[in-house]
Amino acid sequence: MADEKFPEVPMDRVRNFGIIAHIDAGKTTVSERILFYTGLTHKIGEVHEGEAVMDWMDQERERGITITSAATTAYWADHRLNLIDTPGHVDFTIEVERSLRVLDGAVVVFDGVAGVEPQSETVWRQADKYQVPRMCFINKLDRTGADFMKAVASIHERLTEKTVIMTLPVGTEDNMSGIIDLVSEKMLVYKGDMGEIVEEQDVPADMADEVKAAREEMVEKIAGLDDALTEKFLDGTDMTVDELNTALRKGVIGNEIIPIFCGTALKNKGVQRVLDAVVAYLPSPDELPPVEGTNPDDDEEKLERAATEDEPFSALAFKVATDPFVGQITFFRVYSGKITAGSYVLNSSEGKKERIGRILRMHSNDREEVEEIGAGGIGALVGMKHTTTGDTLCDPENPILLERIIGQEPVISIAVEPKTKVDQEKMGVALKALQGEDPTFRVKTDEETLQTIMQGMGELHLEVLTERMKREFGVEVNVGKPQVAYKETIRKTAEAEGKYIKQSGGRGQYGHVWLRVEPVKQDGAVTYEDTIKGGVIPQEYIGPIGKGVEEAATNGVLAGYPVVDIVATAYDGSFHDVDSSEIAFKIAGAMAFKAAVKVADPVLLEPIMTVEVSTPDDYMGDVVGDLNSRRGQVDNIEDRANMKVISGKVPLGEMFGYATSLRTLSSGRAVYTMEFREYDEVPKNIQTEIIGANTTDPKKDEEE
């Protein structure tokens, strides 16, 4: 049943898009303008005043950053817009990843002063990974030092040259008075208290030549996307606005070209033109290729689902969140068919059926209940029992398994302990709920100290999670110092024997295997293979050897860190007709793996971070010196809007407390960003220190 606030529209008038950017480029400010201009809010919520609608968590409002992606439904020019505002901080990169996985398009926001920044590159790569059509909005052109063409040049230099400029700013910095729309060749002036009245005026005489040249370049680029238009262009024939828009839309959807728009969201200029462009150029769900998946019962069988309600139902759960009013809610994107309240669906990732209770359309933290959502729709479900991030929901009669959303490995950990017995009982519930929401957040128990260890993507990530435990779940905890998530690997090939023999009164235990370990650059995993011939070890014991290897790899031989990037191959061994068992071969596999790693020149690996520091010239020497003292390697120093931008790589272990040090060094005027880059070998002297700090009592080891 259609609702006055959420009227039903045909699928070709649906746009699923997200707003992505580096932190502080103005994503949430752009989102707030969209809510205002589409009539969803009657007052613009400002981030700097702590009143942004899309930043609805208390922590987001206090810190002035976006932590969790917020979804909303709005309407513009008879089109339904399903909009997701994502975080810019690298610690919450999974929020961007899972949003892009289910969106059909993206508006990438850039700061008009800084241009392309480190996290801009990260979100761009994520959009490339999912082949998301996108547009650029160069924001904050009212700021001192803003330069539209310089920002465009940084996009060409660091991201892509497949762009076309669609609007030009009129005036610079404080004098920015409007924008020129190159398609209509009109100046757009924004009036009213909030820029809600858009007036078309003639192009100022002093910009006529610049606008003419820019429009010719735009027409040439768009004509190059279509053979018929190319002929017209070469013949010197004028093209209609409809022809230009049709060719550009096709190019954007095919990821052949990326339109660039300009404005200042804070000063209410240029956002409506971006909304028009979302409708005009970004794809509807049925304009994209069918979603691909596999048969849950047969990985080899490839399946497709087209974006139509006639196909069997399929959807992806892309986010789980705890709502203060209705409890756990699961955000989902419908790819085919439709989902109806009261029906049953199959969670094909878990092999379990779920009953659909309430279906919601979300407006940030507000909600509207609906009876059904069809193909191309985004909504939320209340009370799902078995569904987590990345799970596929589908028609039980026509199962399909869509590609999962894989979170990055955590690089930092802290120990937490409850303050009271009551907190202890609540802490388990809180940690389980937070883990269900965030695939980059892990919890484990340290086997030696029995402490609970929280693992995440950075200090801010873990700080936000511990604060959420306190506010949302009422759990008070003591927090230990942050620890780096080191890993262990090997530098050479080695072989070793694992023999487990145990005789008791009755039947004994016998497992015997020879294992070869080899270093290999892969996705951090330990891979197990077997080349055993002639039945020297029966087939039923081959799998248990692998299980033993898998378990042994969780605790390395140097300092107990997980072992990565190794291929372990079982190639020989023996068995006993009576005494051999699966458990014996599992233990033998673990023993052989540990023994082989010990003699394969094991080394420690540490997370290396890409760091970018923006500092006034006066402090550059001190900042570079400080980075060098932290084992940093400076790759580049460049000028950007009266600041020196220093970029390089630094081990994460040396970056704890860096924000305070940088403030002191620069009298609070420098800022930095940091994101994970790679794992690399720890220098020998540092490795010795780390191993010394983590080594347990040798007598205890011998007893074990």
Side-chain angles (χ1 to χ4, degrees), residues 444-450 453 486-520 522 524-605 687 691-692 694-704:
K444 68 171 191 175
T445 303
D446 187 306
E447 290 175 10
E448 288 170 11
T449 63
L450 298 179
I453 308 294
Y486 294 103
K487 294 184 177 180
E488 300 183 18
T489 192
I490 56 175
R491 284 197 293 205
K492 66 183 190 186
T493 300
E495 297 175 349
E497 178 185 33
K499 190 178 256 188
Y500 179 68
I501 303 173
K502 191 172 184 183
Q503 291 298 334
S504 56
R507 180 181 160 183
Q509 295 284 0
Y510 183 94
H512 175 217
V513 63
W514 278 91
L515 215 60
R516 182 185 306 111
V517 292
E518 300 164 81
V520 59
Q522 51 189 18
V526 169
T527 307
Y528 167 66
E529 296 175 356
D530 87 276
T531 56
I532 289 167
K533 300 279 191 295
V536 292
I537 298 175
Q539 194 60 38
E540 66 262 33
Y541 301 138
I542 303 296
I545 295 169
K547 283 272 192 293
V549 167
E550 201 179 289
E551 283 186 16
T554 58
N555 289 295
V557 300
L558 290 174
Y561 292 109
V563 182
V564 296
D565 293 342
I566 292 178
V567 173
T569 308
Y571 64 90
D572 200 2
S574 63
F575 73 102
H576 189 282
D577 283 335
V578 177
D579 291 350
S580 284
S581 66
E582 290 188 4
I583 189 71
F585 272 97
K586 183 178 170 185
I587 294 168
M591 290 166 67
F593 182 76
K594 291 261 189 191
V597 168
K598 265 182 187 166
V599 293
D601 196 5
V603 290
L604 270 190
L605 301 175
Q687 178 170 306
I691 293 170
N694 282 273
T695 305
T696 51
D697 179 37
K699 284 182 185 172
K700 184 182 168 198
D701 280 351
E702 281 171 26
E703 285 165 18
E704 286 177 355

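Note that the numbering runs from 1 along the sequence shown for the chain. The model shown is predicted, which means the values in this text are computed figures rather than measured ones.
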Testing the basics here: between [X] and [Y], what is the closest heavy-atom pair and its distance to 0.1 Å?
| X | Y | answer |
| --- | --- | --- |
| Ala600 | Val517 | CB-CG2, 4.0 Å |
| Ala592 | Leu515 | CB-CB, 3.8 Å |
| Glu518 | Thr569 | OE2-OG1, 4.1 Å |
| Gly589 | Val549 | O-CG2, 4.0 Å |
| Ser580 | Tyr510 | OG-O, 2.9 Å |
| Phe593 | Ala553 | CE2-CA, 3.8 Å |

Item to check | Derivation of the side chain to side chain contact (heavy atoms under 4.5 Å, CB included) call for Gln687 and Leu558 | outcome: CA-CA 9 Å; Gln687 178 170 306; Leu558 290 174; 4.1 Å; yes
Main chain of Gly556, side chain of Lys487: is a donor-acceptor contact present, judged purely on distance under 3.5 Å?
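Not a single qualifying donor-acceptor pair exists.
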Any heavy-atom pair between the side chains of [Y] and [X] that's under 4.5 Å?
| X | Y | result |
| --- | --- | --- |
| Gln539 | Ile532 | no |
| Pro519 | Arg491 | no |
| Tyr500 | Ile583 | no |
| Met591 | Lys499 | no |
| Ile545 | Ile537 | yes |
| Glu488 | Leu604 | yes |

Problem set entry | Derivation of the side chain to side chain contact (heavy atoms under 4.5 Å, CB included) call for Tyr528 and Ile542 | CA-CA 10 Å; Tyr528 167 66; Ile542 303 296; 3.5 Å; yes
- Going through the distances and angles, do Lys547 and Glu582 end up as a salt bridge (charged side-chain N to carboxylate O under 4.0 Å, His left out)? CA-CA 10 Å; Lys547 283 272 192 293; Glu582 290 188 4; over 6 Å; no
In Å and rounded to the nearest 0.5 Å, what is the [atom1] to [atom2] distance from [X] to [Y]?
| X | Y | atom1 | atom2 | value |
| --- | --- | --- | --- | --- |
| Ile501 | His512 | CD1 | NE2 | 8.0 Å |
| His576 | Ser581 | NE2 | OG | 12.0 Å |
| Thr489 | Asp601 | OG1 | CG | 10.0 Å |

Worksheet item: Going by the angle between their ring planes, with limits at 30° and 60°, are Phe585 and Tyr541 parallel, tilted or perpendicular?
Response: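 If you compare the ring of Phe585 with that of Tyr541, the planes turn out parallel.
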